[in-house]
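Structure first, commentary second.
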Amino acid sequence: MPQETQANKTTRDERFDPHSFETKWYERWQQDPSLYRAEPTSTKPKYYVLEMLPYPSGALHMGHVRNYAIGDALARYMWMNGYNVLHPMGWDSFGLPAENAAISNNTPPREWTLRNIANMKAQMKRLGFAYDWSREVTTCFPEYYRWNQWFFLKMYERGLAYRKKSRVNWCPKCATVLANEQVVDGCCWRHEDTPVEQRELEQWFLRTTNYSEELLRDLDKLPNWPERVVTMQRNWIGRSEGALVDFKLEGPAGPAGSTITVFTTRVDTIYGATSVQLAPEHPLVADLAAGNADLSAKVSQMMAEQRKAKEVGDIGEIEKHGVDTGRFAINPYNGEKVPIWVANYILMDYGTGAIMSVPAHDERDHEFAKKYGLPIQQVNQPRAASEPVDVQKAAVTTTDGVVINSGPFTGLSCEEAITRMAEYAETYGFGKPTVTYRLKDWGVSRQRYWGTPIPMLYCEKDGIVPVPEKDLPVILPDNVEITLSGGSPLARVPEFLNTTCPKCGGPARRETDTMDTFVDSSWYFYRYADARNDRAPFESKIIGYWFPIDQYIGGVEHAILHLIYSRFWTKVMRDMGLVQNDEPVQRLFTQGMVIKDGAKMSKSLGNVVTPDEMIARYGADAARLYSLFAAPPDRDLDWQDTGIEGIQRFLGRVYRFVARHASATRVAASHETGQAPSLPPEARAIQRKLHQTIKRVSDDFQGRWHFNTCIAAIMELVNELYAVEDKIDTMAGPLLAEVQRDLVLLLAPFAPYLAHELWEMLGEGENLLRAPWPKYDPALAKEEEIEIPVQINGKLRSRIVVPADSDHTFVRERALADEKVKAAIAGKQVVRVIPVPGKLINIVVK
RNA sequence: GCCGGGAUGGCGGAACUGGCAGACGCAGCGGACUCAAAAUCCGCCGGUACUUGGUACCUUGGGGGUUCGACUCCCCCUCCCGGCACCA
């Protein structure tokens, strides 16, 4: 054995070559496809960890690597802790970039997409991510999208899918319609410099608004979602409580009827209403303007103005103006006649498109009334008025007040009046309490080729006819000419377009729009649980076992779009009896972006770092470990090329240390004796550090996920091992063996290649993924002596070393006896001594 | 305007419940090894002042406060990032 130690010393400067062993393990892992498979049933507890599936754009970027490194570390940790882990991966593979590539490279979208998938899958494998590929989901395959179509039919049956003509967002670059969620600052979410146009089109919608209330309420069931995601969804749903009140039109009524229903959150101020304001697009406006050329012209001008403002995204900035229609409406509470105006700041798509204008108690109404000389009438007196209020000067908008000049409601508090007056309206049939939402139905039609065909037919005789379930899937044809003009490419494929009506057997044509790709990603994670089912999207019993997802990890950019649609889809499936869970995701983690030199990586800035070059230079482990080490995972990560070199150095230090002492460990392991005899102090220090490190890493996995500090802790352990390495041979063998094994286990979730290599080097035959996570012993982690800082009047003046379990009296005596302390308090009076057990002592002197 | 999040050395970041500010890493400086370089190993590394060791003072975006003690709590302000917004 001494000779062997000698031999090891000679390998001290052995080069650390991650590529040789990463290649070796990569090949071994490819040979065993069952390695990361989840067990269909198990006595172990289940754990479903999921990273957001990528769009197959061509190659992974560092943001992907970071996302998957977090998920992979967690999956490996859970495996080592004895869980039945489901850790799948798939491809969100429908979408526009494939069509754009088809146009620019003359490559069919399918071919382009599948090539990208192959490339990215190879990258993932090379990075060592532990996915259960037997459950791979590719959304552009008929075996997947047929279930999109199936769900669509089920929603149609339940009245949740419907077709209507409406004003929709249109991106001229995508040549298709966008959902409200896909419009960012008035521009397309894909083309941030392209303003969205408004077009009138016949479209398919899903009734997300049926679930507005539940989508909002159930946010309370998600305590383990990031606060900001919950807030963003809450804002997006935009619940507002108020009342509907009917104002009767005075004089002749047109086709739009004789009632103007207004929505208000402040019905308590209705006695102060001095006009009614309509949105230019309000149906009644056409009636009122009929035969009035001047009014018609002004109204169409306002419509144009609103549309333009909406496109540019600065609705809210435009100057308020309006026009008096010359007609009147009756306030149902007091019978008063108020003029009806049309105003450019009233939006048809919020509330009812009509408001009552109360200039005394609303700032916008006040501004408007001032401009046009409309009367301002106070009906609300604030309680805590420091100076006399003058509603002619400024609106009083507080709800902390008392209702005045309001007939039978005079004297009520605002809050009470809001309730009582709405009830009153309901009793007398001219209104009711109500709730409105900002959330709109989800427009899912896209005038594009590379997506799921919407399974609907149009028959001249029978109208809209759903494709019978037995005829699914409606296959997306190949060889379609793709252009970005002239509407849906599928409309130019006669073989696809023309079919027969299943009801009457007569000629029918197919719907040529495809589904928004967010449909694909709204339920893909259910498919993973039962990915090869060809009779149903999945078996409910299997969903019952795996759901909800224990941990979902992805970018915060999906906080609204994908995550609200997924929640909606789950609730619909639950109401269909397919799943039992109300929510798909138990815990959500949103990781920060990877940036470089303070900016998002982009080709135009030339600051792109690719995983391939990082693997080539430093290896997969280093790329993964650095993406976890450089910043806490929830924050943005500023990529520094020199930073990853430090990680590579660290991995080399680990490798060399274990390599140098592996044989000693193997020998020790072969005649393990159980509890070591009392250790020499240096060995005890190492043991203590080891157990402290195990605690820190384990705790972080349970709670904060600050993997940057976990890795720092492991670095500290390795630094300590190096500091005593010269003496390590004289230390007890079993301890060295324990340290080496545990060090490798601690690194296994973060740097799997290195960990596997060293595990084998230590003579461990067992699969590392199934090796038990090390346990720490609090007694062994505990310090025997601690250093106590001594403060005088809150300033650090000295430090003393005392046994860890010293009581206060002892610490106090030692502190007061300290030379530096004595000098500092000489001639002064000790007023108080404040102990912080185990932490610090502060002496207050005068 | 409203709602979140953030600002700490030359840089990325640490300090978890009010208790040693700057862990760990990068960059930098010095040393060992080497003919030399790379690699590796060891040491130093917030600022200012003074006689080196050392000691004192300053320092967590700015200003005030609470406290024996504040990166951490409270009030005011500045800047940055994200969401919502004529929402009635």
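Residue numbers start from 1 in every chain, and the chains themselves are labelled A, B, ... in the order their sequence lines are given, proteins ahead of strands. Predicted model, so just to flag it, every value in this text is computed and none were measured.
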Exercise. Looking at residues at least two apart in the chain, or sitting in another chain, which of them share a side chain to side chain contact (heavy atoms under 4.5 Å, CB included) with A/E367?
Worked result: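 A/E367 satisfies side chain to side chain contact (heavy atoms under 4.5 Å, CB included) with A/K320 only.
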
Exercise. Can you sort out the partners of A/P375 under side chain to side chain contact (heavy atoms under 4.5 Å, CB included), two or more places apart, ordered by chain and number?
Key: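 Applying side chain to side chain contact (heavy atoms under 4.5 Å, CB included) to A/P375 gives A/T274.
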
Within residues 829-838 of chain A: residues closer than 4.0 Å to RNA chain B (heavy atoms) =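 RNA chain B contact set from residues 829-838 of chain A: A/R832, A/I834, A/V836.
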
**Nucleic acid contacts of residues 270-284 of chain A, taken as heavy-atom distances under 4.0 Å to RNA chain B** =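 Those residues: none at all.
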
Does [X] put a side-chain nitrogen or oxygen below 4.0 Å from OP1 or OP2 of [N]?
X      : N     : answer
A/Y722 : B/C42 : no
A/N719 : B/G25 : yes
A/R649 : B/A27 : yes
A/R797 : B/C57 : yes
A/T709 : B/G13 : no
A/R656 : B/A39 : no

Once base and sugar-phosphate atoms are separated, protein heavy atoms under 4.0 Å mark nucleotides 48-55 of chain B, 5' to 3', with B, S and - as -------S

Problem set entry | Spacing of the P atoms in B/G6 and B/C16 (rounded, Å) |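 About 14 Å, rounded to a whole number of Å.
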
Quickly, which of A/I834, A/L816, A/V831 forms a side-chain contact (heavy atoms from CB on, under 4.5 Å) with A/I843? Name it, please.
->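 With A/I843 as partner, side-chain contact (heavy atoms from CB on, under 4.5 Å) holds for just one option, A/L816.
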
Intra- and inter-strand pairing of RNA chain B, written as dot-bracket with Watson-Crick and G-U pairs under 3.5 Å and | for the latter, reads (((((((..(((......[....))).(((((.......))))).(((((...)))))..(((((..]....))))))))))))....

Handout entry: Between B/C84 (P) and A/L347 (CG): distance, integer Å
Key =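 Atom-to-atom, A/L347 to B/C84, this comes out as 16 Å.
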
Let me know the distance between CZ of A/R704 and P of B/A23, rounded to the nearest Å.
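For the pair A/R704 CZ and B/A23 P, the rounded distance is 17 Å.
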
